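Note that the coordinates shown come from a computational prediction; the quantities given were computed from them, not determined experimentally. Atoms within each ligand, like the ligands themselves, are counted from 1 in listed order.
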Amino acid sequence: MESRIKSGFFSSSAVFILAAAGSAVGLGNIWKFPYMAGVNGGGAFVLFYLLCIALIGIPVMLAEIYIGHKGRQGPIDSFHEVAKSEGQEKSKFAWQGYVFTLTSILILSFYGVVGGWSIYYTYEAIMGTFVQITPDESGAIFGGLLANPLKQILFQVLFMLLVVYVITKGVNKGIEKTITVSMPVFFVLLLILSIYAMVVGAPKEAFSFMFSPDFSKLNAHSMAEALGHAFFTLSLGLGAMLVYGAYMPKKEKNITKVVLIIALVDTVVALFAGLMIFSLVFANGGEAGGGPGLLFITLPTIFGSIYGGYIISIVWFALIAVAAWSSGISMLEVTVSHLENKGISRKKTSWGLGVFITLLGFGSVASFAGWETKFLLGKNFFDTLDFLTSSISLPIGGLIICIVVGWTVSDKLFKEYLSTISDTTFKIMRFVIKFIAPVLIIFLLGYLISKV
Ligand code: TRP
């Protein structure tokens with residue numbers, strides 16, 4: 001059984017944790033979460049987001065990893081293997097595996113563009129561009145990047161090359177080797193930055209902004225955003241955790257602990273990123289509700305004027321690039337894993353897909369550069385992709401995972417799998433996967449669709 005997967009296995013559960021945390025920690029934590037918290041008024045949004053992670057994110061992650069770890073195949077065949085373990089011939093839900101691969105291709109196409117921005121910003125930081133920069137100049141640099149498709153493509157291609165290269169090398173020589181270096185580097189950089197931001201910034205204001213809830217600021221919209229983001233930030237609903245789960249050594253028994261660590265790491269990184277950004281923003285008269293430009297416009301201005309800002313700006317954007325890289329890797333692996341286990345060469349699929357995804361990304365580049373053509377519901381190319389994936393496909397992926405594990409996997413096998421938790425915890429977990437998570441996901445989907 002164990003040897004059936006062609007891709008191989010991670011050398012240890014610790015590597016699995018690093019890889020899964022590397023997938024989870026990405027642009028979602030450092031770029032999206034802080035600006036969403038800023039736009040949605042801080043405290044109450046943050047609390048609700050934490051609740052979503054704990055009550056829904058963790059059980060759904062357990063369920064997704066179960067399918068991979070039990071199924072031991074790519075994102076499609078794992079569903080069949082799970083059905084077989086329940087005595088059925090095949091799964092009715094294996095089509096979801098194709099949705100996973102399609103969605104991962106679509107998401108990576110624009111994730112690669114934003115990943116490219118982070119490399120471009122690292123480059124500009126090294127060149128000293130942000131030193132003494134004014135807010136207007138900073139806005140002009142970001143605007144200049146968006147308006148220049150060739151520049152965006154250059155850095156997008158660079159980012160994609162880094163992702164594809166790692167994937168061609170395989171699970172051990174590629175993903176494992178990269179992750180075991182890049183994640184420790186990431187944590188050290190994050191620690192340096194956080195200490196720095198606490199010392200030169202306004203940590204008290206940042207703390208009270210992030211943690212004192214004003215529930216009048218919480219509405220259906222911000223709640224839906226928080227729930228959707230909980231999925232995105234934990235890399236759920238795309239098959240990434242499923243596929244990494246298939247590479248986790250079989251002997252790992254304490255899956256709950258593994259999942260808790262991954263969720264904790266992801267959450268701590270998001271909170272640290274938020275605290276450090278707001279600590280700098282509040283100390284320098286910036287605007288917390290600046291939206292998506294918070295990272296690429298507000299922060300460079302601050303770095304340009306504070307002590308040690310030159311070095312710090314390099315560290316900051318390199319940190320983002322590293323985080324985006326390990327997330328991009330996990331997205332590409334979803335489809336490559338399926339094809340490799342069907343006997344198709346990893347090298348060929350990695351390069352072929354890489355080229356295809358990069359070309360597809362040109363559509364998003366064009367959208368950022370002002371291509372107005374509408375595709376769906378009056379949205380441009382990028383917004384259409386973002387909407388179809390983040391708002392529709394990921395929640396549906398999460399829903400199907402809950403249905404498969406909640407309703408087609410027997411209590412007996414699932415309990416055996418989660419052998420280390422108490423009966424009560426198991427019952428709660430089971431209840432969440434069967435009822436609570438699906439209902440909330442349907443609520444989310446309904447809300448998002450009603451808004452369009
Ligand atoms: N979690 C990553 C982030 O926060 C993005 C990501 C990687 C992702 N793999 C995923 C999102 C799978 C959804 C599904 O940036």
Side-chain angles (χ1 to χ4, degrees), residues 18-37 49 52-53 56-57 60-61 63-65 67-68 75 96-97 99-118 159 163 166-167 175 179 182-183 186 190 225-245 259 262-263 265-274 292 295 319-337 357 385-401 441 444:
L18 274 186
S23 169
V25 171
L27 295 167
N29 302 61
I30 305 176
W31 171 50
K32 250 181 137 181
F33 173 72
Y35 89 66
M36 285 171 87
Y49 161 83
C52 290
I53 297 273
I56 305 165
V60 175
M61 195 192 290
E64 182 167 339
I65 290 177
I67 299 176
Q96 177 60 44
V99 179
F100 283 153
T101 62
L102 181 67
T103 313
S104 64
I105 287 170
L106 297 180
I107 294 193
L108 184 53
S109 80
F110 60 79
Y111 203 86
V113 177
V114 184
W117 296 353
S118 61
F159 180 85
V163 169
V166 171
I167 295 297
I175 303 176
I179 284 298
S182 72
M183 288 310 282
F186 174 87
L190 183 69
E225 283 212 326
L227 178 59
H229 188 64
F231 274 91
F232 187 85
T233 190
L234 292 177
S235 298
L236 299 175
L238 190 85
M241 289 295 170
L242 185 162
V243 164
Y244 278 3
V259 168
I262 298 166
V265 169
D266 186 74
T267 307
V268 167
V269 171
L271 294 178
F272 268 53
L295 193 75
L319 176 93
I320 297 169
V322 171
W325 186 27
S326 52
S327 299
I329 287 171
S330 74
M331 293 179 197
L332 186 56
E333 182 63 15
V334 173
T335 308
V336 170
S337 161
I357 292 170
L385 282 195
D386 186 32
F387 176 75
L388 285 179
T389 54
S390 312
S391 303
I392 305 285
S393 188
L394 292 185
I396 289 182
L399 183 63
I400 299 296
I401 287 167
I441 293 171
L444 173 71

Main-chain N/O of [Y] paired with [X] side-chain donor or acceptor, under 3.5 Å:
X: Ser327; Y: Val25; result: yes
X: Thr389; Y: Asp386; result: yes
X: Tyr111; Y: Leu27; result: yes
X: Trp31; Y: Pro292; result: yes
X: Thr233; Y: His229; result: no

Just let me know how [X] lines up against ligand 1, side chain, backbone, both or neither, with a heavy-atom cut-off below 4.0 Å.
X: Tyr111; value: side chain
X: Ile107; value: neither
X: Met331; value: side chain

Can you sort out the partners of Glu64 under salt bridge (charged side-chain N to carboxylate O under 4.0 Å, His left out), two or more places apart, ordered by chain and number?
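Residues passing salt bridge (charged side-chain N to carboxylate O under 4.0 Å, His left out) with Glu64: none at all.
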Any N or O on [X] sitting closer than 3.5 Å to an N or O of ligand 1?
X: Phe232; answer: yes
X: Leu234; answer: no
X: Ser327; answer: no

Distance (rounded to the nearest 0.5 Å) between Ser118 OG and Phe159 CZ
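So the OG of Ser118 and the CZ of Phe159 are separated by 6.5 Å.
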Sub-4.0 Å heavy-atom approach of Gly237 to ligand 1
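Distance cut 4.0 Å: Gly237 fails for ligand 1.
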Side chains of Ser23 and Ser235: donor-acceptor distance under 3.5 Å anywhere?
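Side-chain D/A pair, Ser23 to Ser235: present.
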Residue, atom name and distance, where the atom is the protein heavy atom closest to [atom]:
atom: atom 12 (C) of ligand 1; answer: Leu238 CD2, 3.2 Å
atom: atom 4 (O) of ligand 1; answer: Ala24 O, 3.0 Å
atom: atom 8 (C) of ligand 1; answer: Ser235 OG, 3.5 Å

Ligand-side contact atoms (ligand 1) for residue partner [X], heavy atom cut-off under 4.0 Å:
X: Leu394; result: 13 (C)
X: Ser330; result: 7 (C), 9 (N)
X: Leu27; result: 15 (O)

Within a radius of less than 6.0 Å around CZ of Phe387, do more than 12 heavy atoms belonging to other residues, nucleotides or ligands occur?
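Yes, because the 6.0 Å sphere around CZ of Phe387 holds more than 12 heavy atoms from other groups.
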Just going by heavy-atom distances, which of Gly28, Ala20, Ala323, Ser23 is nearest to atom 2 (C) of ligand 1?
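Going through Gly28, Ala20, Ala323, Ser23 one by one, Ser23 has the nearest heavy atom to atom 2 (C) of ligand 1.
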